[in-house]
Amino acid sequence: MLFRSLFTGVPADLNAYRARLQAAMRLYAALATLGAFTLLFGALGVPALLPEGGNVEYFSGFYCGMGTGLALGFLVLILRTRRLLRNEAALRRDFTKYTDERNRAIRHRALLAAGVTLFFLLYIAMLVGSLFAPALFGFSLAGVLAFTLLFGVFQLYYSRKL
């Protein structure tokens with residue numbers, strides 16, 4: 001549901017919704033491929049790039065686990081979406097649920113709340129991190145600046161598009 005919320009606008013009819021789900025499946029396939037590449041990087045790239053004793057096992061396991069989770073999660077989404085596209089009654093129910101104004105308002109408010117919360121958490125991490133770890137301060141500052149910049153860019157983009 002989160003990734004389907006990234007597509008803007010409301011599909012006008014069932015065929016437009018079907019096309020949107022097919023576009024989402026292409027995005028899911030790209031993200032599953034990214035997960036597979038992350039898995040390969042963790043298994044082959046990390047041991048080759050990090051020096052001995054540089055937490056090779058930890059980082060290799062982290063990337064392998066993250067890549068596996070990403071790949072399998074999006075493969076499950078692909079299978080669910082494909083099953084939904086083959087069942088006309090389930091597709092109609094899902095279309096009605098997706099285009100319902102109340103559900104759209106809930107999704108919008110949830111995305112807004114998540115974005116604002118992330119911004120404030122990064123800001124607090126930046127303030128607290130500056131006292132203990134300069135690296136944490138730098139990453140948090142980069143996150144706050146990236147969030148602010150992306151918000152401005154997307155606001156300009158959607159103000160011209162909508």
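Counting from 1, the numbers follow the sequence of the chain as shown.
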Could you state whether [X] and [Y] fall into the same hydrophobic cluster, counting links through intermediate Ile, Leu, Val, Met, Phe, Trp or Tyr residues with side-chain heavy atoms under 4.5 angstrom apart?
| X | Y | answer |
| --- | --- | --- |
| Leu27 | Leu34 | yes |
| Leu122 | Leu149 | no |
| Phe59 | Leu49 | yes |
| Met25 | Tyr17 | yes |
| Phe62 | Leu44 | no |

Of all the heavy-atom pairs spanning [X] and [Y], show the shortest one and how long it is.
| X | Y | result |
| --- | --- | --- |
| Gly42 | Ser60 | O-OG, 2.5 Å |
| Cys64 | Thr68 | O-OG1, 2.7 Å |
| Phe137 | Ser130 | CD1-CB, 3.5 Å |
| Asn103 | Lys97 | ND2-O, 2.9 Å |

Distance (rounded to the nearest 0.5 Å) between [X] [atom1] and [Y] [atom2]:
| X | Y | atom1 | atom2 | result |
| --- | --- | --- | --- | --- |
| Leu91 | Phe95 | CG | CZ | 9.0 Å |
| Leu111 | Ile106 | CG | CD1 | 12.0 Å |
| Arg82 | Gln22 | CZ | CD | 10.5 Å |
| Ile78 | Leu31 | CD1 | CG | 9.0 Å |
| Leu21 | Arg26 | CG | CZ | 11.0 Å |
| Leu118 | Phe147 | CG | CZ | 6.0 Å |

(message) Using a 3.5 Å distance criterion without hydrogens, assess whether the side chain of Thr117 forms a donor-acceptor pair with backbone atoms of Ala114.
(response)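 The answer is no, because no donor-acceptor pair under 3.5 Å joins these two groups.
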(request) Begin from the C-alpha positions of Tyr98 and Arg107 and carry the test side chain to side chain contact (heavy atoms under 4.5 Å, CB included) through to its verdict. (result) CA-CA 10 Å; Tyr98 184 79; Arg107 277 193 308 273; 3.7 Å; yes
Does atom [atom1] of [X] have more than 12 heavy-atom neighbours, drawn from other residues, nucleotides or ligands, at distances under 6.0 Å?
| X | atom1 | answer |
| --- | --- | --- |
| Phe119 | CZ | yes |
| Tyr63 | OH | no |
| Phe139 | CZ | no |

(message) In the structure I gave you, are the side-chain heavy atoms of Phe74 and Leu77 within less than 4.5 Å of one another anywhere?
(response)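 The answer is yes; the side chains approach within 4.5 Å.
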